[in-house]
Amino acid sequence: MGPVAELKLPVIDLSSLGLEPGTAEWTAARDGVKRALESYGCFEARFEKVPAEMQASMLGLVREVFDLPLQTKLRNVSSKPLHGYVGQYPMVPLYESIGIEDADVYERVDGLTTTLWPEGHPSFRLRVMKYAAPRTTDDQIGLAPHTDKIFLTILCQNDVHGLQVQTKHGEWFSARPSPNSFTVMIGDSLYLSLKFLPSLLETIDENFSYLAWVNGSLHSPCHQVMISGNEVRYLAVLFSIPKGGYIIKAPNELVDEEHPLLFKPFDHMEFLQFFYSEAGQSTESARGEHRSRVNQGQPWTDPGPAQPC
Ligand SMILES: O=C(O)CCC(=O)C(=O)O
Ligand SMILES: [Fe+2]
């Protein structure tokens with residue numbers, strides 16, 4: 001890891017944004033989002049309409065979830081990549097997360113609530129993540145460098161910072177969102193790693209990654225989490241994952257002679273299944289990486305040791 005540069009995430013204020021596409025305000029915000037995603041692949045979305053108390057009570061619930069016994073958290077098992085309980089990795093011992101499939105469908109979230117609290121819970125409705133406090137003054141690895149194997153990530157964190165993002169030029173810098181902000185980041189569902197899925201691609205390039213859905217015009221950032229101090233980092237996170245059967249393909253408007261189609265259209269679930277399959281994992285082992293799994297679910301991100309993204 002290189003030194004953390006004095007860079008900041010671009011900040012886009014969405015608080016007073018009118019909902020009407022086409023208004024000057026909406027157009028300015030859209031252009032800001034586009035520029036941020038092209039340059040950094042992520043941005044800080046300021047949104048003051050979420051009351052601080054709501055955010056605090058939500059993160060309080062996140063804490064309640066992780067305070068449950070490990071055996072209870074392990075009940076949230078899934079054979080699908082990016083779902084279930086993830087944690088207890090020797091390589092990232094501070095890290096735990098609990099995924100909820102279809103988090104926008106009441107019955108699904110209710111199902112998880114019953115799994116965790118058979119007697120019921122009045123207000124748990126989230127997908128959540130925790131990094132234990134390392135109780136050190138120097139940085140400990142919270143999550144190794146990776147790109148997200150999904151479509152879009154929206155992070156809502158407490159005031160314990162830790163996320164670091166790598167620029168296209170290889171410099172690392174800290175994301176330190178304000179309390180009213182969310183961190184928005186794009187993932188590999190758009191930005192497909194050729195190294196993991198050569199068979200689905202028409203073109204193989206020695207550069208690893210391209211953005212599939214927008215035909216290479218955006219940037220999916222490498223990021224990691226480094227933690228120090230005595231406070232626990234809690235997050236509620238929205239991971240947006242295309243459903244199986246949906247084909248990721250660059251829209252025709254983005255393809256022309258100057259910008260030929262970079263990717264064969266692909267099914268994202270197929271990509272994920274490959275990434276977490278024996279073959280996908282051995283592609284990683286072949287590159288000298290090591291991973292140990294102690295839970296029955298599959299990790300939905302790549303919490304292995306430090307690796308080039
Ligand atoms: O803790 C964070 O801020 C980032 C988490 C992350 O990168 C991930 O879950 O993929
Ligand atoms: Fe990530």
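Every heavy atom of this structure was used, including side-chain atoms; hydrogens, water molecules and symmetry mates were not. One-based numbering along the sequence shown. Whatever order the structure lists ligands and atoms in, that order sets their numbers, starting from 1.
Within His146, NE2 is the N, O or S atom that lies nearest to the Fe ion (ligand 2). Of all N/O/S atoms in Asp148, OD1 sits nearest the Fe ion (ligand 2).
Short contacts between ligand 1 and Leu163, defined as distances under 4.0 Å to a heavy atom of the residue, involve ligand atoms 3 (O), 4 (C). Numbered from 1 in the order shown, with element, the atoms of ligand 1 that lie under 4.0 Å from a heavy atom of Tyr131 read 1 (O), 2 (C), 4 (C), 5 (C). With ligand atoms numbered from 1 in the order given, ligand 1 contributes 5 (C), 9 (O) to contacts under 4.0 Å with heavy atoms of Met129. Those atoms of ligand 1 with a heavy atom of Arg233 less than 4.0 angstrom away are 1 (O), 2 (C), 3 (O). When each atom of ligand 1 is checked for a heavy atom of Val225 under 4.0 Å away, the hits are 1 (O), 2 (C), 4 (C).
In Thr153, neither the side chain nor the backbone holds a heavy atom less than 4.0 Å from any atom of ligand 1. If you look at Gln224 next to ligand 1, there are no close heavy atoms at all, none under 4.0 Å. Residue Val237 does not touch ligand 1, judged by heavy-atom distances below 4.0 Å.
When side chains are defined from C-beta on, Leu235 does not count as touching Val62, because their heavy atoms never get closer than 4.5 Å. The closest side-chain heavy-atom distance from Trp172 to Met226 is not below 4.5 Å. Considering only heavy atoms from C-beta on, Arg35 stays 4.5 Å or farther from Pro10 through its side chain. Contact check for Glu38 versus Lys34: side-chain heavy atoms found under the 4.5 Å cut-off. Side-chain contact between Ile141 and Tyr95: absent, with no pair of heavy atoms (C-beta onward) separated by less than 4.5 Å. Residues Val165 and Tyr40 are not in side-chain contact: their nearest non-hydrogen atoms beyond the backbone lie 4.5 Å or more apart.
His223 contributes atom NE2, which lies 11.5 Å from atom CD of Gln164 (distance to the nearest 0.5 angstrom).
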I'd like a table of donor-acceptor pairs (distance under 3.5 Å, sequence neighbours excluded) in which one partner is a side-chain atom from residues 227-234, with atom names and distances.
{"unit_1": "Arg233", "atom_1": "NH1", "unit_2": "Gln157", "atom_2": "OE1", "d": "3.1"}
{"unit_1": "Arg233", "atom_1": "NH1", "unit_2": "Val160", "atom_2": "O", "d": "2.5"}
{"unit_1": "Arg233", "atom_1": "NH2", "unit_2": "Gln157", "atom_2": "OE1", "d": "3.4"}

Side-chain polar contacts of residues 179-187 - donor-acceptor pairs under 3.5 angstrom, sequence neighbours left out - could you list them?
{"unit_1": "Ser181", "atom_1": "OG", "unit_2": "Glu44", "atom_2": "OE2", "d": "2.7"}
{"unit_1": "Ser181", "atom_1": "OG", "unit_2": "Ser178", "atom_2": "OG", "d": "3.0"}

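Not a single heavy atom of Met185 sits less than 4.0 Å from an atom of ligand 1. Put simply, part of His146 is less than 4.0 Å from ligand 1, judged by heavy atoms.
At a 3.5 angstrom cut-off on N or O pairs, Tyr95 does not count as close to ligand 1.
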